[in-house]
Amino acid sequence: MPSPPPPSSLLSHSSLPYNPTRRDSPGASLFSHRSRVAPPRPDAPAERPVLLRKRCFGVRAGTGVVGDRGVQEGGAGDTRREKCMVLRVGLVCGGPSAERGISLNSARSVLDHIQGDDLHVSCYYIDSNLNAYAISSAQLYSNTPADFDFKLESLAQGFETLSNFAEHLAGSVDIVFPVIHGRFGEDGGIQELLEKSNVPFVGTRSDECRKAFDKYNASLELYRQGFVTVPNFLVQGTELDESELTEWFVRNQLDANLGKVVVKPTKAGSSIGVTVAYGVADSLKKANELISEGVDDSVLVEIFLEGGSEFTAIVLDLGSAFDCLPVVLLPTEVELQFHGSADVDEKDAIFNYRRKYLPTQQVAYHTPPRFPLDVIKSIRDGASTLFQRLGLLDFARIDGWFLPPSAPISSSENNFGKTKSGTVIFTDINLISGMEQTSFLFQQASKVGFSHANILRTVIQHACLRFPSVASYNNVPSPLPKPRTSRLPRLTEVFPKRQDARKVYVIFGGDTSERQVSLMSGTNVWLNLQAFNDIEVTPCLLAPTNGYSSTKASDNEETGVSSRTVWSLPYSLVLRHTTEEVLDACIEATEPTRAALTSQLRNQVMDELMEGFKQHNWFTGFDISDERPVKLTLKQWIKLAKEVQATVFIAGSFLYHDLLASDYLNSYVVLLRLASNGVARVLYSFNLVSIGVSYTMHGGIGEDGTLQSLLEAEGVPYTGPGITASKTCMDKVATSIALDHLADFGVLTISKDVWRREDLLRMPVTKTWQELTAMLQCETLCIKPARDGCSTGVARLCCPEDLAVYVKALDDCLLRIPPNSLSKAHGMIEMPSPPPELLIFEPFIETDEMIFSSKSTNDNARGIFWKGQSRWVEITVGVLGKRGSMYSLTPSVTVKESGDILSLEEKFQGGTGVNLTPPPVSIISNEALARCKQRIELIANTLELEGFSRIDAFVNVDSGEVLIS
C-alpha cells in the first residue's frame, strides 16, 4: 500500500504550539482577520452611518465603514490597535448541571470569536463534582465533557479547592467570563466565589443571580413588580401535599384529573426536566421523579399556556459601571411545527432540550417575531424594565409567552404586559445565555449589526467598566469615519470582488435527511474562515426542493439539476437551525412588507444602541450590514464562481471533535494546499475548522458526484473527493464491492442484502425476517437507507416484531420512530423523508458497552471501564491528502450513550455522544492503532479519496483489522 506522506509534506507548522502573542506564528504571516460587508441593494432602506469593528487577529486590522464594495481600510483604528494592551480573559465552563455539554459548546464558540492579539484566553473547567481544572483550548473542541472527564487528572492542572482556583484566577487573568449554564453558573455560585477573591467577572452579581435563577422566587418578584405572571404551585421535598395541589387546580379552573399543566424544576435551565402532566396525580408523580432523580429539590407546577406563542429576547446593558441602561435586541418568536402523524399526535409538544439544541423541523424561529407591533414593544419594554429592576448586568436572555386575547388565563390585577393585542408574560430569566454558533444571542445580535466577535467583545468590555483594575482597557477613543455611497450591484457583484483575497463559496443544504447537519457544518466552516483577511468567504444555500429523492439523478436530469436554486446569504440568515428555516428566512427577507418591518425595527434598535454607546469610547461600531439574500440558479452560481475564480467548499460534517488531540492539532494555523489536476483546492485552518467529511455534502447532488461533475465541467475547483469517489461512496453497496478484495490486507466488509421498500411493504414480515437471517447468517439485523446519510433511518432489529415496527414507520412515512419502540432500548430514530426506495440489511456488529466514571471513590478511581468481550469498537477517523497519498489522522472511538446505534444527536449535536481521541491504550494498543491507521489509508486510497473525508468503521482492538459497514 502507498506509504503515508511525512507530516511536513502536508502541514507546514504542525509542531508549533499555539501562541496568540507570537508575531512570527503562521497565523500572523499567512492570514489576518477581516469582516466582509456586501453592498446594500438599491431597493433597501437608506443605510445609516455605521462603523465597522475588527478584532485583532493575526496581522493588525483597521477600521472600516459600510461602502460600495466592501470595507474601507485604514484610519486611526490601526493606531489604536497597535497601542492596545492585552486583556487576559479566563473562560470557565462545565459545571454540575445537565447543560454542561452545552456549556462546552458555548465556551468553544466564545473562544473562537474573541481570541486575538489584544485578548488572550485561558480555559478552565468545572467538573460535575465541582472540581476545578485549567485545561488546554484543545479540550474545548471535544464533543462532550465525557470525552475527557475520566482522564482529567493526567490531562489538566487540577486545584485542590475552589478557593485555590479563585486565588489562581486572581493572579492569572484580568477578568473571568463564566459560561456555565444552570447550577453553579447562573445561581450565583461561581459569582460568589469570584467576589470573595475580588476577581472581576462578566455578568450579574451573586445575590441578584440567586433571586433571578430560582423560577418560583423570580415569579413572586415579577408579581410584586406589577408584571402579569403564570399561576403556579410549588412542590418541595418528598412529602407531597395532594390536597393543596387539588385546591390549586380548582382555583385555576383546571380539572383535577385531566387538567393540563407544565412541571419543571425551579432551579435548572430553561429546558431541563420540563414536561407536561395531566391532573393532580400525574403532576405529583412527575414532580416526585424530578426530585428523586436529583434534578432539583423543588418543582413548579404551572398552567399550560394553550394558544400562546413563545418568545425570547436578548438584553444588552450599555450603562456606565453599575448604572444600568438596558437595550433589548429584536426578540425571537419560537414556533413549534408539526409534520406528519407522529408530530400531530404529540399533544405534549413543548420547547424542550431536544428541540432547542438539535437541528429539527419541529421548531422554527422568527426574528423579529410575527407579533403585532404593540406586542413587540411590550416585550422590549418589559424585558428592559425587568432587567433593570432585578439588578442584572452586562447581558441576559429573558423568555416568555404572548397570549392572544382569546387565550384562557386567570385574570390578574397586574397590568404590565397587557396590550390591545393580547398579554405578554415573562417566565424564565437566563443569566448566562447560550452562546453556541447559532444561538439566540448571535441570531438577534446579527440582526442589529453585531458579528459574533463584536457582541462578545462588547459584553466583555462593558463588564470591564465596573472594575478599576481593567477599566483602563477601554480608555481609548475611537474614530468616527463617514460612510461611503453604495452603488447598484450587478450580477457579477453579488459577491463583492476583492483582488487581494482568495474567494471561497461555502455551499450547504441540499435535499437529504442530513441536510441539517450540512447546515451546521457549513456554518462552522463559514464562521471560522472569516477570520482570515486573504480569504473572502460567502455562505450559500442549495435550497431544498419540495421533496427529495434518495436515488441518484440520471444524466438526463442534469438540466433540471442546473436550474436548482442557490441563495447567497447575508450574515444573519445563516444563523438558523434547519435549511428549511434558512429558505423561509430568504423568502421572508425578500417579501417587501416583512422586509420593511424588519428594517424599521432594526433601525429603531440600532438608534437606541448608538445612543447608549455614545458614552463609551471603546465601541468602534457595527460590523454587519443590512443585506438581503440573492437568488440564483445553480448554473448561474457556478458561472459566477468561475468568473471570480472562487473555490467551492462543499460542506459536509465538519465538526470540532473529529480531530481532537489528533496528530496535528498542536499547531496554531496549518496551511493546507491540496491539489487535483494541478488546481489548488483550498486554504484551510485546522485549529479553527476541523475536518470530518462524510464524503462531502450529505447525500443528494453534493454526495453522488453530480455537483462535482458540474463544477469540473466549468473548471471550478472544489473541496473533497472527485466525481468517481463521490459516486462510489454515496452507494453503500458499491463501497463494499470496491473494498471487497482487501480482506487479505485486514480490511473487511459486511455482507449486505438490498430490498425495495415496496417489497418490504408487500411481503409478510415473518417470511422476510426468515429470509434475511438465513441469507446473512445472523440473529440480529441492522437496517439503513441505501443512499442516504450515515445516521438517519439506521436501527437494530432483534426480532420480526422490530421489523414490523420499522416497516410500518416506512408505510406511515413517519419522521421519527419514538424511543424504545423496538424490543431493545434505543433513542429517537430520525427517519428519511420521504421514505427511501432502497434499504440495506446487514448483520448487526456487537460492540461492548463502555462505562465512564467521573467520580472518585474509595473503590473506583475516575476512569473508563470496558469489558472488551467482543473486541470490536466503533471509530470515526479523518483522512486528508492527495489522491493516492491519503494520510489517516488519529481515530476517535465513538461511544453510544443509549441503545446500540449512534443517534443523530450523538453523531452531530455538540454536547451529546462521547468521542475518545486518541483511543485509550487500555482499549487499543499503540501497535494495533498504527495498523488500523494504515488500513484506513488503504481504504481511502482504494476509493480514490482526496482532500479530506471522514470514514466510519469498526476496528478490532487486537489485530487492528478494520470493518466497513
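Any value given below was found using the heavy atoms of this structure, including those in side chains, with hydrogens, waters and symmetry copies removed. All residue numbers refer to positions in the sequence shown, counting from 1.
- Put simply, CG on Leu541 and CD on Glu580 are 9.0 Å apart, with the number rounded to the nearest 0.5 Å.
- Asn941 and Gly884 get closest at one heavy-atom pair: OD1-C, 3.2 Å.
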Evaluate the criterion side-chain contact (heavy atoms from CB on, under 4.5 Å) for residue pair Trp872 and Val957; output intermediate values, then yes/no. CA-CA 6 Å; Trp872 289 93; Val957 298; over 6 Å; no
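- One N or O on the side chain of Asp802 and one on the backbone of Ser823 form a donor-acceptor pair closer than 3.5 Å.
- Residues Ser949 and Leu943 are not in side-chain contact: their nearest non-hydrogen atoms beyond the backbone lie 4.5 Å or more apart.
- In this structure, a donor-acceptor pair under 3.5 Å is absent between the side chains of Thr724 and Glu944.
- The distance from atom CD of Glu837 to atom CD of Glu758, rounded to the nearest 0.5 Å, is 7.0 Å.
- Under a 3.5 Å cut-off, the side chain of Lys752 and the backbone N or O of Ser965 do form a donor-acceptor pair.
- The two atoms that bring Gly509 and Ser518 nearest to each other are N-OG, 3.1 Å, heavy atoms only.
- Proximity of Ile817 to Met828: side-chain heavy atoms (C-beta onward) are nowhere separated by under 4.5 Å.
- Between the Arg935 side chain and the Phe745 main chain, a donor and an acceptor come within less than 3.5 Å of each other.
- Between the CD atom of Glu874 and the CG atom of Asp952 there is a distance of 7.0 Å, given to the nearest 0.5 Å.
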I would like to know whether Ile939 and Val962 meet side-chain contact (heavy atoms from CB on, under 4.5 Å); could you show each step before the answer? CA-CA 9 Å; Ile939 292 168; Val962 174; 3.8 Å; yes
List the steps, then state whether side-chain contact (heavy atoms from CB on, under 4.5 Å) holds for Ser892 with Leu916. CA-CA 5 Å; Ser892 300; Leu916 306 178; over 6 Å; no
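- Contact detail for Cys932 and Pro891: the closest heavy-atom pair is SG-CG, 4.2 Å.
- Between Glu946 and Lys882, no side-chain nitrogen of the basic residue sits less than 4.0 Å from a carboxylate oxygen of the acidic one, so the salt-bridge criterion is not met.
- Between the CD1 atom in Ile723 and the OG atom in Ser709 there is a gap of 4.0 Å [rounded to 0.5 Å].
- Counting heavy atoms from C-beta outward, Leu838 and Trp755 have side chains that stay 4.5 Å or more apart.
- Thr847 approaches Val873 most closely through the heavy-atom pair CG2-CA, 4.1 Å.
- Side chains of Cys798 and Glu779 form no contact here, defined as non-hydrogen atoms less than 4.5 Å apart.
- Thr890 approaches Pro919 most closely through the heavy-atom pair CG2-CD, 4.0 Å.
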Kindly indicate, with the supporting measurements, whether the criterion side-chain contact (heavy atoms from CB on, under 4.5 Å) is fulfilled by Thr773 and Phe841. CA-CA 10 Å; Thr773 53; Phe841 291 91; over 6 Å; no
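- For the pair Arg796/Leu781, no side-chain contact is recorded, criterion being any heavy-atom separation below 4.5 Å from C-beta on.
- In this structure, Leu945 and Ala725 approach most closely via the heavy-atom pair CD2-CB, 4.0 Å.
- The main-chain N or O of Pro819 is never found under 3.5 Å from a side-chain atom of His826 such that the two would form a donor-acceptor pair.
- Between Arg762 and Asp759 a salt bridge is recorded (basic side-chain N to carboxylate O distance below 4.0 Å).
- Judged by distance alone, with hydrogens and angles left aside, the side-chain atoms of Ser751 form no donor-acceptor pair with the main-chain N or O of Leu776 at under 3.5 Å.
- Under a 3.5 Å cut-off, the side chain of Arg564 and the backbone N or O of Ala543 do form a donor-acceptor pair.
- With a 4.5 Å cut-off on side-chain heavy atoms, Leu963 and Val955 do not count as touching.
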Given Gln708 and Ser726, is the side chain to side chain donor-acceptor pair (under 3.5 Å) satisfied, shown in steps? CA-CA 8 Å; Gln708 291 85 349; Ser726 296; 3.3 Å; yes
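- When atom types are taken as modelled, the side chain of Tyr806 and the backbone of Ile783 share no donor-acceptor pair closer than 3.5 angstrom.
- In this structure, Thr578 and Arg576 have side chains that are not in contact, with every pair of non-hydrogen atoms separated by 4.5 Å or more.
- For Arg931 and Glu961, the salt-bridge test fails: no basic side-chain N is under 4.0 Å from an acidic carboxylate O.
- We find the CD1-OG1 distance between Ile650 and Thr719 to be 5.5 Å, quoted to the nearest 0.5 Å.
- Distance alone, capped at 3.5 Å, places no donor-acceptor pair between the Asp812 side chain and the Leu814 backbone.
- Here the straight-line distance linking atom CD of Glu581 with atom OG1 of Thr579 works out to 9.5 Å at 0.5 Å rounding.
- Counting only distance, with no hydrogens or angles, the side chain of Thr780 and the backbone of Phe844 share no donor-acceptor pair below 3.5 Å.
- Looking only at side-chain heavy atoms (C-beta outward), Ile964 and Ser736 stay at 4.5 Å or farther from each other.
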